[in-house]
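Taking it in order: structure first as structure tokens, then the write-up.
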Protein chains: 2
Amino acid sequence: MVDQLSRVFAALADPTRRDMVARLTEADHTVGDLAAPYDVSLQAVSKHLKVLEDAGLVTRTRQAQRRPVHLEAEVLDLMTKWIERHRRRAEERFAALDGVLAQMQDDEQPHPTQQEGTAS
Amino acid sequence: MVDQLSRVFAALADPTRRDMVARLTEADHTVGDLAAPYDVSLQAVSKHLKVLEDAGLVTRTRQAQRRPVHLEAEVLDLMTKWIERHRRRAEERFAALDGVLAQMQDDEQPHPTQQEGTAS
DNA sequence: GCTCTTGTCAACCAGGTGGTTGAGGAAGGT
DNA sequence: ACCTTCCTCAACCACCTGGTTGACAAGAGC
């Protein structure tokens with residue numbers, strides 16, 4: 001069993017599943033409803049839904065013989081948080097590096113020593 | 001060939017690769033350097049790096065016999081934008097739904113007609 | 001010119017993924 | 001009761017993935 005974050009990323013790595021999620025942001029849909037635009041069997045769509053469900057992105061409730069699919073958008077926050085946390089760290093480092101480079105230029109050393117500055 | 005957004009999501013769907021990205025936010029690393037903490041062969045790490053590179057998350061420059069790996073954090077914005085766009089749409093809909101539900105309660109109809117309201 | 005270090009490439013393997021078809025379960029309509 | 005609609009489960013398939021090992025390319029150091 002893999003962690004949820006991995007499952008969410010993996011679930012959204014497929015264009016068909018991303019499109020389903022996109023459509024589910026606007027309204028709940030039944031399986032057949034969801035499947036209509038895609039040129040694959042209903043069973044294939046059902047499988048995609050299972051992937052989204054295992055990732056926690058979607059819930060299927062029973063309603064007569066229909067199984068309306070509902071988006072659980074909060075799970076997206078898991079990803080946003082991970083991404084933002086690391087993007088911010090990266091940006092801070094790049095900002096710091098820019099500072100160092102600016103400092104180096106200010107010093108105006110006569111022998112620029114092109115490479116070797118990337119260590120930390 | 002698949003689109004970049006799919007490749008980025010897929011790249012981050014692996015915990016080892018996410019950890020590499022996390023470490024690369026703090027400093028550039030060589031391949032062997034990156035591989036050290038993981039209990040897999042250097043070749044496996046090299047493969048992970050290739051996945052990250054194909055997704056545009058990372059660049060490898062040549063420096064003597066070493067190949068320092070550098071994070072390209074801007075690509076993360078691709079994902080953030082996709083996620084935020086859809087999360088916002090979903091939230092708007094839920095807010096609208098809450099409004100409808102509140103309205104329904106205010107009206108206090110004797111026959112609530114549970115379903116059928118999901119069309120748009 | 002050897003040798004050591006660093007990393008990639010190629011071949012292979014087990015297991016997962018996304019698709020198919022066929023069978024069948026669960027509710028509603030008649 | 002029976003049929004129809006909506007959907008899932010099971011088996012099968014081709015291909016991808018993440019790991020392995022072995023060979024080898026590219027530079028640095030002697």
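Only heavy atoms go into these numbers, but all of them, side chains included; no hydrogens, no water, no symmetry mates.
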With side chains defined as the heavy atoms from C-beta onward, is the minimum distance between [X] and [Y] less than 4.5 Å?
| X | Y | answer |
| --- | --- | --- |
| B:L24 | B:L57 | no |
| B:H48 | B:M20 | yes |
| B:T61 | B:H70 | no |
| B:L49 | B:L52 | yes |

Separation of D:dT5 C1' from A:R62 CZ (nearest whole Å)
13 Å
Tell me: CZ of B:R66 to C1' of D:dG27, nearest whole Å?
10 Å
Among residues at least two apart in sequence or on other chains, which ones pass side chain to side chain donor-acceptor pair (under 3.5 Å) with A:R18?
B:D3, B:S6
Sequence neighbours left out, what passes salt bridge (Lys or Arg N to Asp or Glu O under 4.0 Å) with B:R85? Give chain and number order.
none
Contact letters for nucleotides 12-19 of chain D, in which S counts primed atoms plus P, OP1 and OP2 and B counts the base, heavy atoms under 4.0 Å:
------BB
Boundaries of the DNA chain C segment in contact with chain A, non-hydrogen, under 4.0 Å:
C:dG18 to C:dG28
For B:Q43 and A:R67, take the nucleotide of DNA chain C holding the closest heavy atom to each; which residue's nucleotide lies nearer the 5' end?
B:Q43
Considering only residues two or more places apart or on different chains, which pairs with a residue in residues 31-50 of chain A satisfy salt bridge (Lys or Arg N to Asp or Glu O under 4.0 Å)?
A:K50-A:D54
Pairs satisfying salt bridge (Lys or Arg N to Asp or Glu O under 4.0 Å), at least one member in residues 61-82 of chain A, at least two apart:
A:D77-B:R87
Report yes if a side-chain nitrogen or oxygen of A:R60 is closer than 4.0 Å to either non-bridging phosphate oxygen (OP1 or OP2) of D:dC7; otherwise report no.
no
